[in-house]
Amino acid sequence: MTELDVAGLQRRLADFAAARAWQPYHTPKNLASALSVEAAELLEIFQWLTPEEAGRVMADPDQAHRVTDEVADVLAYLLQFCAVLGIDPLKALAAKIDRNELRFPVRGRPSEAPERADANTERHSSE
């Protein structure tokens, strides 16, 4: 049976690693490193695409397959990282959104926001 909830996926990943005796290698440092590598592989797909090309990447079956695989790799390592450190990823995300809503309050409608020359250098909510 395939479980599509976070805890179920984490169990499947842990079982997969245990069956191969990989647990000694699944340290926070190693998992964070692997997560970074997989995120870089996802970025590589988009590296030289224009914004328009990037927006159409899922229309190409080969590219869509690559993107989907890299997203799965990123998520797998993130879920394993969270499991090893005892982090509930959904609670962590909900708490981060709550903090960002306070940190970046809505000021008028987005269409009313002034254009800023330094918009690309602004620190965003993922930090």
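Along the sequence shown, the residues carry numbers beginning at 1.
Under 3.5 Å, the side chains of Asn30 and His26 contain no donor-acceptor pair of N or O atoms.
Judged by distance alone, the side chain of Ser36 and the main-chain N or O of Ala32 form no donor-acceptor pair under 3.5 Å.
In this structure, CD on Gln80 lies 10.0 Å from CG on Leu75, to the nearest 0.5 angstrom. Residue Trp22 holds its CH2 atom at 10.5 Å from CG of Leu13, rounded to the nearest 0.5 Å. The distance from atom CG of Leu85 to atom CG of Leu31, rounded to the nearest 0.5 Å, is 8.0 Å. Summarising the geometry, atom CD belonging to Glu41 is positioned 12.5 Å from atom CD belonging to Gln47; distances are rounded to the nearest 0.5 Å. Annotation: the span from Gln63 atom CD to Phe46 atom CZ amounts to 8.0 Å, rounded to 0.5 Å.
Counting all heavy atoms, side chain and backbone alike, Pro24 lies closest to Ala21 at CD-O, 3.5 Å. Closest heavy-atom contact between Trp48 and Glu53: O-OE1, 4.2 Å. Ala17 and Gln23 make their closest contact through O-OE1, 3.9 Å (heavy atoms, listed as atom of the first residue, atom of the second, distance).
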Decide yes or no on side-chain contact (heavy atoms from CB on, under 4.5 Å) for Thr27 and Val84, but give the supporting numbers first.
CA-CA 7 Å; Thr27 65; Val84 166; over 6 Å; no

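Contact of the Thr68 side chain with the Met58 side chain is registered, since non-hydrogen atoms from C-beta on lie closer than 4.5 Å. A heavy-atom distance below 4.5 Å is not found between the side chains of Pro89 and Leu78. With a 4.5 Å cut-off on side-chain heavy atoms, Val6 and Leu79 count as touching.
Follow the hydrophobic side-chain contacts under 4.5 Å out from Leu35 and you reach Ile87 in the same cluster. Under the 4.5 Å side-chain contact rule for hydrophobic residues, Leu49 and Val67 share a cluster.
Judged by the 6.0 Å distance and 45° axis criteria, Arg12 is not positioned over the aromatic ring of Phe16.
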